[in-house]
Colleague: 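Have a look at this one.
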Amino acid sequence: MAEKDPAKEKRKIKSVKKMKDIMTNYYIDAKMAEQNGKKVAWITSGGPVEPLIAMDVIPIYPENHGAMIGASKMGIDLCQKAEVMGYSSDLCSYARSDISCATVNGGPIGGLPKPDMLVCCNNICGTVLKWYEVQARYFNVPLFILDTPFCHTQFLPEARKYVHRQIEEYIVFLENACKKKMDHDRMKEVGRLSVEGQRLWQAVLDTAMNKPAPLSAFDAFFHLALIVTLRGTKQAVDYYEGLLAEMRERIADNIGAVENEKYRLLWDNLPVWYRTKWLSDKFAAADTCLVADTYTSAWCGTLKYIDENNFIESMAEAYTRIYLNIGVDEMARDVVSMIDKYSADGLVMHSNRSCKPYSFGQLDIQRIVREKRGLPSLMIEADMVDERFFSESQIETRIDAFMEVVKERKSCTR
Amino acid sequence: MYTVGIDIGSITAKAALLQDGRLISTNLIFTGYNSATAGKKVFSELLLAAGMNDTSGIKVVSTGYGRSSVDFADKAITEITCHAAGAYFLNEKIRFIIDIGGQDSKAILLDEKGKVKNFVMNDKCAAGTGRFLEVMARALEINLDDFGALSLDAQNPAQISSLCTVFAESEVISLISKGVARENIIAGIHESIGSRIVALAARTGLTTPLMVTGGVAKNVGLLGALEKALGFKPDVSKYAQLTGAIGAAVLANKL
């Protein structure tokens, strides 16, 4: 066996193993749910998970599973299966791979545990509505839809009332499905833990303000899993406390995610799951760290709207005003403020064939960033799971040329 | 000092030789299936034509899709940066480049020093590239070199709406079967490429003076279509196809 490079070993994040263990146990628990008398709910990535935790229902995220399918390069096969079933190749690759995977129990973990109910929140996109309807018919289980009106420029009082009323209905739905009453004290505690977890996640991401950044967006894509799946649990809080401590230690020891960080970029949109390593190595070879991204920060981006002492009411606003449910001007403001916060030298946008709400408006955001900060930006056309939409040599040339521009520009301003 | 730029494109390989910043020789061959061999050949032929036997001390920069296969190059630089340097070398006033190559089209915005300020490349598809024209020429059974001149006779350019090369080819075949005159079909193809590339350029902050580079700049019909879509006549150098190689040689001078 080849000798391990000590510098490379030093840069490895130690919490990775803990995270892998937690996620493995989480999926084992979920698969054993029926035997253990527990219920399983499938929920969309932007959906309010806290009431599920409070009701002791195991939340399962088909989108997290989609990411795993992409990362294990099983996307093409499952997407093609869905196409054989009659779904269009233009449909989101998470939806395609989930719909086909359910029928064959394929994918990296042999399929997801069967749901007892489905919870669908359309704050992330409209595709989830039909996707979850398909699965509700397939598994013959009840479906709850939480409709969060799009916030073009503002969040109106009518919207607050409308969403809040639905959250009350959501709790009734869960009480009926679980045949037990919600324990409101427990719900308060879960709300508090959710806020604490989100604060810690934000603090972890904020450590990338340091030069060199102790973690990159590629690391964040991995460590994100818990704030998505186990938000509102003590386990998530404990994990992020540990991760934050490790990041602070790395800062103290001057350990960066990229060996010789000279350039810092901001990433927009979902990861290209089957190419994260390739992209990470490609940028690292150009002494470049992707220091932050709009995707992983979405799971703590609405903290400002949450009142932890009044979680149920304030979550109506927090879940409605997430990054994908606001107008392009507000998204662009968020991007510009992240560029400033993390001292980014440029912007890399993934035009993601699957995710229309995320990719629509990117050209405008690109233009606004150019006008406000004069920074170069790059558009990579790909897909988060379906590798057929990734063309290596073309993307490589675009990245190389973009890095030449970033370097030239930085050497002029130095 | 001698510097050489080698541009290995998807269709042709180009080389340019500079002596103390003056262009003294160029060469162009087909890339074929082996870009490493093409790189060696285009280089040795270039030096032979210039009567140079000794390659020591010559600085070489490679560019284009096959840039990394030129193993004797001192550095590989992308065609975006090289086209900018090449266009600036040919005309210092140029602030914008439209480059139409074999498998890529690019819009590049330059600053007053000829450095790249911003660039956009076509979507990952062949529409609006040299390869697109090759496919169409084959469908029409016309030599690509005659394509441009023929289209100048068009009275009524056909409408080609498909953005996909394969679909556009079937569109062309159906136009042929409808009996549409060849020159009108060719002019339609040129107009579809022209409007597509000008839209790309508009996204990049289109400005003037504007130069068209790349092998497709030899096509007078396409230049006419570009002029129509732009609303003004673009600058074209006789070295259009060699711009990337020249730029690479210019940048080799700074190594």
Side-chain angles (χ1 to χ4, degrees), chain A residues 89-90 272 275 281-282 285-286 345-353 359 361-383 386-414, chain B residues 7-10 35 61-69 75-85 88 97 99 101-127 129 131 163 199-200 202-206 244 247-248 251 254:
Chain A
S89 62
D90 287 323
V272 184
R275 283 296 182 129
D281 289 349
K282 182 85 202 145
D345 303 307
L347 173 65
V348 181
M349 301 185 113
H350 166 205
S351 175
N352 181 354
R353 207 180 153 86
S359 307
Q362 278 180 317
L363 285 180
D364 282 316
I365 295 172
Q366 200 176 30
R367 176 181 48 79
I368 293 168
V369 166
R370 198 163 56 232
E371 286 167 4
K372 301 232 171 187
R373 291 295 177 268
L375 287 186
S377 57
L378 170 71
M379 190 77 80
I380 291 176
E381 287 173 59
D383 186 274
D386 193 339
E387 289 175 73
R388 291 172 292 178
F389 296 109
F390 188 92
S391 150
E392 181 174 304
S393 76
Q394 297 209 327
I395 289 176
E396 189 162 36
T397 295
R398 282 157 179 75
I399 293 175
D400 287 347
F402 177 67
M403 288 317 303
E404 285 166 6
V405 174
V406 169
K407 284 178 187 177
E408 184 66 39
R409 197 183 162 277
K410 199 152 182 183
S411 71
C412 291
T413 51
R414 254 183 198 149
Chain B
D7 178 2
I8 312 284
S10 61
S35 49
V61 163
S62 61
T63 187
Y65 264 93
R67 65 186 177 281
S68 51
S69 58
K75 195 176 179 187
I77 300 177
T78 68
E79 50 272 39
I80 287 96
T81 303
C82 289
H83 272 269
Y88 190 75
I97 301 168
D99 168 46
Q103 64 175 6
D104 263 329
S105 43
K106 318 168 188 75
I108 309 168
L109 179 68
L110 307 185
D111 68 11
E112 59 290 343
K113 288 179 191 153
K115 299 275 161 54
V116 179
K117 255 172 101 174
N118 190 14
F119 74 93
V120 177
M121 292 169 87
N122 61 316
D123 317 331
K124 49 167 192 245
C125 102
T129 65
R131 192 65 82 184
L163 292 178
L200 194 71
R203 255 167 64 185
T204 325
L206 177 64
L251 294 171
K254 295 177 186 165

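The analysis underlying the following values was restricted to heavy atoms, covering all of them including side chains, and did not include hydrogens, waters or symmetry mates. So that the names make sense, note that chain A is the first sequence line, chain B the second, and so on, each numbered from 1.
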Colleague: Return yes if some donor-acceptor pair links the side-chain N/O of Asp386(A) with the main-chain N/O of Phe389(A) below 3.5 Å, else return no.
Modeller: no
Colleague: Less than 4.0 angstrom from a charged side-chain N to a carboxylate O is my criterion; do Arg398(A) and Glu381(A) meet it?
Modeller: no
Colleague: Check Asp400(A) with Lys282(A), please: is the shortest side-chain N to carboxylate O separation under 4.0 Å?
Modeller: yes
Colleague: Please rank Met403(A), Arg370(A), Arg367(A), Gln366(A) by heavy-atom pairs under 4.5 Å with chain B and give me the top one.
Modeller: Arg370(A)
Colleague: Counting only non-hydrogen atoms closer than 4.5 Å, does Arg203(B) touch chain A with its backbone (N, CA, C, O), its side chain (CB onward), both, or neither?
Modeller: both
Colleague: Side chain from CB out, backbone as N, CA, C, O: work out which of these in Lys106(B) comes under 4.5 Å of a heavy atom of chain A, or both, or neither.
Modeller: neither
Colleague: May I ask you to say whether Lys113(B) pairs ionically with Asp111(B), meaning some side-chain N is under 4.0 Å from a carboxylate O?
Modeller: no
